Amino acid sequence: MKNRYWKRLAALALSGALVIGTLAGCGSGTTASSEAQPSQADNKETAAQAAGSEEAAEDSGVSFDLAAFESEHSGNPVSISMYPFNANLTSGTVSGYLGDFFKTKGLAIDVWAYSDEKTNAILASGDLPDIMHVNAENLSLMIDAGMVLKLDDYLDDLPHVQAAIENNGLAPALEFIRNYRSNDTGSLYAMPTNVGGTDSTDNGDRNVVKLNWKIYEEIGAPEINSYDELIKVAKQMMEAHPTDESGNKIYGTILNAGSDTEYWGNIITWLRWHGYTENQLPFLLETNMIDGEYSSILEDNSMYYQGLKFYFDCMQAGVLDPDSINTDRSTAGKKTRMFGSGTQPGWRNEYFEYWIPGTKYYLNGDTLYGDAIFGNTDQYIVVNANTKNLDACLAFIDMMADPDAQMMGNAGPEGDMYEINDGVLTLTEKAKEYYKASTGDHYFYDNGEQAYLWNTYWILAQSAIMTYKGPDGEALGNVHTSWPEEKAITSDSEAYHVWRETTGYDSWQDLVDTNKCVVSSSELDFINSFLSTPEDSMKLTMSSINDKVVDASWKMIYADNEETFNSIWQQMVTDCKDLGADDLMAWRLADIEKAKQERDAVLNAGE
C-alpha cells in the first residue's frame with residue numbers, strides 16, 4: 001500500500017499537478033518498518049534483478065576517472081549546484097579558503113538557499129540541483145520518480161569511497177541503503193551521511209558521574225563508594241560552597257521539565273550511569289547494554305524505579321533543586337551544581353569524571369548518538385539523474401568520503417594550523433600557542449580569514465581515520481580536536497592536574513583501562529535502525545501511558561515520604577497496565593527479535 005501511494009504521488013509531482021506540501025525538508029524520523037520494508041530474502045532477490053551481472057555492468061560503458069578529472073579541472077573548476085539539508089549553509093558559491101580548497105578538487109560549489117517551500121517546489125517541479133541532501137521520505141519519492149542517479153555502476157571508480165569501505169566501515173551503511181532506502185530495488189540511489197562514531201577517548205560523556213571538581217577539592221575530595229554517598233558528598237559541597245559568584249544558591253543537582261517528550265527525560269543520565277540506554281522507554285522497556293537484556297520499567301526495583309528513588313532521596317536531603325519542575329533545559333544549563341544529572345550530565349570544563357568503585361559503564365562511540373554504523377538514517381546525498389555535470393558530481397561524492405579532504409576543508413590551509421611532512425601531521429607553533437592561550441577567541445588564518453566549519457554532514461563522521469599519522473605514528477581522526485597533540489594542550493589545565501593528582505590516574509582512559517570498567521560492545525548494538533514504527537492507534541496508547549509515567553515520576557520525586565512515593569509508583573503501574581502496557585511491551589519485544597535478525601543480515605552482507 002505504501003509503495004503504491006508513493007508511486008502515485010511521484011507521478012503527480014512530475015506532471016506538476018501537485019505541490020507536495022507534506023514532504024518538507026525536515027527529517028521525519030522514518031525507520032525500517034515491517035510494514036514498509038521487504039524481508040532480507042526479498043531484498044536479495046530484487047537486488048540481484050536490479051544489479052544484473054558484472055558483465056552487464058562492464059558492457060554499459062560506465063566509467064569515471066577521478067585523477068583525470070582533477071588533473072583537467074584543478075585550475076578550471078566545474079560549477080555544480082548543491083541543495084543542503086537545512087539552512088545551516090550560506091547560499092551562493094562557496095568562497096574563501098574553502099572555495100579555494102574545492103577548486104583543487106576541480107569543483108566550484110554553488111549552494112542553493114534552503115527553505116521548506118523551496119524543497120517542496122524542487123520535488124514538485126523535478127528541477128533538481130546537481131547534488132541534493134534529502135530525507136528518507138523524499139528519497140523514496142525521488143527514486144520512484146526517476147529523479148536520482150543509481151550509483152552502483154560508479155562505485156568501483158570512486159577511490160575514496162572504496163577506501164572508506166575498507167578502512168572506515170562504510171559497507172554496512174551502503175548495505176542498509178540498498179535494503180531499506182531503495183524502494184525494494186536493492187540498488188544504491190543515495191550515499192549516507194555522518195557514518196562512524198564519536199571519539200570517546202578520555203571522555204566519559206553522559207555515561208559517567210561528573211563532579212564539580214574545584215568544589216569537590218575544597219571539601220577534601222572524600223571517597224565516594226555508592227550513590228548514597230554521592231548524595232552525602234554533594235550535601236557537604238553545598239554547605240562549603242552555598243552560592244556561585246553572583247550569589248545564586250548552588251544545589252547538588254538539577255532536573256528540568258523541558259526534556260519530557262515520549263518519556264520522562266531526566267532518567268537518561270541515571271540509566272547511562274548503569275550501562276543502560278533510554279531508546280525503548282516509550283515502550284516501557286529499559287535497555288541493559290552490558291548484559292544485552294530488555295526489561296520492564298514497571299517491575300519492582302527496576303533501574304527506572306531505582307533512579308526515581310535516587311532523585312527522591314536527593315530531594316529529601318535538600319540536594320535537588322526544588323524548582324526543577326518549573327525549569328526548562330536552557331535555564332537548567334545556566335545553573336551551577338555539584339554533579340550532573342537528568343539531561344544536563346556535566347559537560348562544562350569544571351566537571352570531571354568520578355568512578356564509583358564497582359560501577360560498569362557502556363560506552364560505544366558508534367552508538368552514543370544512534371546507530372552511527374549506518375549513518376544518519378534520515379539524511380542522504382543524491383545525484384540528479386539528469387545532471388549535465390556527472391563527472392563533477394561523482395568527484396564531489398568521492399570527496400565527501402575522504403577523511404583527508406574533510407580535515408583540510410575544516411582545518412584550513414596546510415602550514416597554518418598544521419604541517420604535513422612525509423605523511424606525518426603535526427600542529428604548527430601558531431596553533432599550539434592558540435590552544436595554550438585558551439581564550440575562546442576565534443582562530444584566524446594567516447590571510448585574516450576566520451576559521452569555520454562547513455556546516456553540513458559529509459559521508460563520514462568526524463571520527464573517520466585519515467591516511468596521515470601523528471608524530472608518534474598514531475592514527476588521526478579527521479577533526480583536529482581529537483588529535484593527541486591538541487588534546488595534550490587543552491587538557492593541560494590546573495583543574496586537570498588536580499584531577500590526576502587526586503585520582504592517581506593519568507587520564508580517564510587510563511582509569512577505565514586499569515579498572516576494566518567500560519564495556520564497549522553489546523548484543524543490542526545497532527538494533528534501533530531496524531525497529532518498526534507503531535500504528536496510529538498504538539501511538540495513542542503510548543501517549544496515554546506516557547502521560548501517566550511522566551506525571552507519576554515527577555510526583556514521586558516530590559513525594560513527602562517514602563510511603564507516598566511507593567503508593568504513587570503502584571498506582572502508576574496499575575494505570576499503565578490498565579491502558580495496555582503489557583501488550584505494548586510484548587509487541588515491541590517481538591519487533592526487537594525481528595530487528596536483530598535484520599541487523600545481522602545487513603552486517604553480515606556488509607562485511
Side-chain angles (χ1 to χ4, degrees), residues 10 13-14 23 25 50-51 57 60-66 68-70 73 77-85 89 93-94 102 105-112 114 118-119 122-123 125-162 164-165 170 173-174 176-178 181-183 185-195 375-376 378-402 405-406 454 456-460:
L14 285 179
L23 297 176
S60 69
V62 171
S63 65
F64 170 66
D65 189 330
L66 178 66
F69 175 85
E70 290 184 350
H73 295 289
V78 178
S79 179
I80 58 173
S81 52
M82 189 197 83
Y83 189 70
F85 193 73
L89 284 185
T93 300
V94 179
F102 288 149
K105 302 295 183 180
L107 301 170
I109 300 174
D110 178 28
V111 179
W112 287 10
Y114 172 88
K118 182 76 170 285
T119 302
I122 290 172
L123 295 173
S125 68
D127 185 16
L128 271 62
D130 295 303
I131 298 288
M132 187 170 177
H133 290 252
V134 299
N135 65 23
E137 285 187 320
N138 290 350
L139 173 61
S140 179
L141 165 69
M142 296 167 81
I143 292 171
D144 275 345
M147 293 179 175
V148 293
L149 183 72
K150 185 161 77 76
L151 297 169
D152 300 81
D153 294 340
Y154 302 95
L155 219 57
D156 288 343
D157 295 325
L158 302 179
H160 295 107
V161 170
Q162 292 300 317
I165 291 172
L170 184 58
L174 300 181
F176 182 89
I177 294 172
R178 290 187 176 104
R181 297 292 185 265
S182 71
N183 286 16
T185 67
S187 295
L188 188 73
Y189 284 97
M191 293 301 290
T193 59
N194 211 35
V195 176
N376 187 324
D378 200 37
Q379 182 172 340
Y380 297 94
I381 304 174
V382 297
V383 177
N384 184 346
N386 299 311
T387 180
K388 296 180 180 179
N389 300 304
L390 177 57
D391 283 359
C393 289
L394 294 173
F396 176 86
I397 291 291
D398 192 68
M399 179 183 70
M400 297 296 279
D402 180 6
Q406 187 170 355
W454 199 47
T456 193
Y457 285 145
W458 296 57
I459 290 175
L460 298 179

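None of these values were measured; they are calculated from a predicted model.
Of the possible polar contacts, one joining the Asp378 side chain to the Ala136 backbone as a donor-acceptor pair under 3.5 Å is found. Between the side chain of Gln162 and the backbone N or O of Leu155 there is at least one donor-acceptor pair closer than 3.5 Å. In this structure a side-chain-to-backbone donor-acceptor pair under 3.5 Å is missing from Ser187 to Lys150.
Of all heavy-atom pairs spanning Met399 and Ile109, the tightest one is CE-CD1, 4.5 Å. The two residues Ser81 and Trp112 have their closest heavy-atom pair at CB-NE1, 3.3 Å. Contact record, Leu107 with Ala392: CD2-O, 3.5 Å, taken as the closest heavy-atom pair. Heavy-atom minimum distance, His133 versus Thr456: CE1-OG1, 3.7 Å. Closest approach of Ala401 and Leu460 over heavy atoms only: O-CD1, 3.4 Å. Residues Ala190 and Tyr380 share a closest heavy-atom pair of CB-CB, 3.8 Å.
Interatomic distance, Ile131 CD1 to Met191 CE, rounded to the nearest 0.5 Å: 10.5 Å. Separation of atoms CG (Leu139) and OH (Tyr189) is listed at 10.5 Å; rounding is to 0.5 Å. Interatomic distance, CG of Asp65 versus CD of Glu70, reported as 10.0 Å (0.5 Å rounding). To the nearest 0.5 Å, atoms CZ (Phe64) and CD1 (Ile397) are separated by 10.5 Å. Summarising the geometry, atom CZ belonging to Arg178 is positioned 5.5 Å from atom CG belonging to Asp152; distances are rounded to the nearest 0.5 Å. For the atom pair Leu174 CG and Leu188 CG, the distance stands at 5.5 Å (nearest 0.5 Å).
Two residues are said to be in side-chain contact when any heavy atoms from C-beta on lie closer than 4.5 Å; Leu390 and Tyr154 meet this criterion. Contact of the Thr93 side chain with the Ser79 side chain is not registered, since no non-hydrogen atoms from C-beta on lie closer than 4.5 Å. Side-chain contact between Ile177 and Pro192: present, with at least one pair of heavy atoms (C-beta onward) separated by less than 4.5 Å.
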Exercise for the section: Walk me through it: do Val382 and Leu149 pass the test side chain to side chain contact (heavy atoms under 4.5 Å, CB included)? Expected result: CA-CA 7 Å; Val382 297; Leu149 183 72; over 6 Å; no

Exercise for the section: In sequence, state the C-alpha distance, the side-chain angles, and the governing distance for Met132 and Asn138, and then conclude on side chain to side chain contact (heavy atoms under 4.5 Å, CB included). Expected result: CA-CA 11 Å; Met132 187 170 177; Asn138 290 350; 5.8 Å; no

Exercise for the section: Start with the C-alpha distance between Leu66 and Leu158, add both sets of side-chain angles, then the distance that settles side chain to side chain contact (heavy atoms under 4.5 Å, CB included), and finish with yes or no. Expected result: CA-CA 7 Å; Leu66 178 66; Leu158 302 179; over 6 Å; no

Exercise for the section: Take Phe85 and Thr193, measure what side chain to side chain contact (heavy atoms under 4.5 Å, CB included) needs, and give me the verdict at the end. Expected result: CA-CA 11 Å; Phe85 193 73; Thr193 59; over 6 Å; no

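Partners of His160 under the side chain to side chain donor-acceptor pair (under 3.5 Å) rule, at least two apart in sequence or in another chain, are Asp398, Asp402. The side chain to side chain donor-acceptor pair (under 3.5 Å) test applied to Thr387 returns Asp130, not counting sequence neighbours. Every residue two or more places apart in sequence or in another chain that forms a side chain to side chain donor-acceptor pair (under 3.5 Å) with Tyr83 is listed here: Thr119.
The aromatic rings of Phe396 and Trp454 lie perpendicular to each other, with more than 60° between the two planes, well past the 30° mark.
Judged purely by distance below 3.5 Å, without hydrogens or angles, the side chains of Asn183 and Asp144 pair a donor atom with an acceptor atom.
Screening Asn389, Val148, Leu151 for a side chain to side chain contact (heavy atoms under 4.5 Å, CB included) involving Val383 leaves a single residue, Leu151.
Around atom OH of Tyr457, no more than 12 heavy atoms belonging to other residues, nucleotides or ligands sit under 6.0 Å away.
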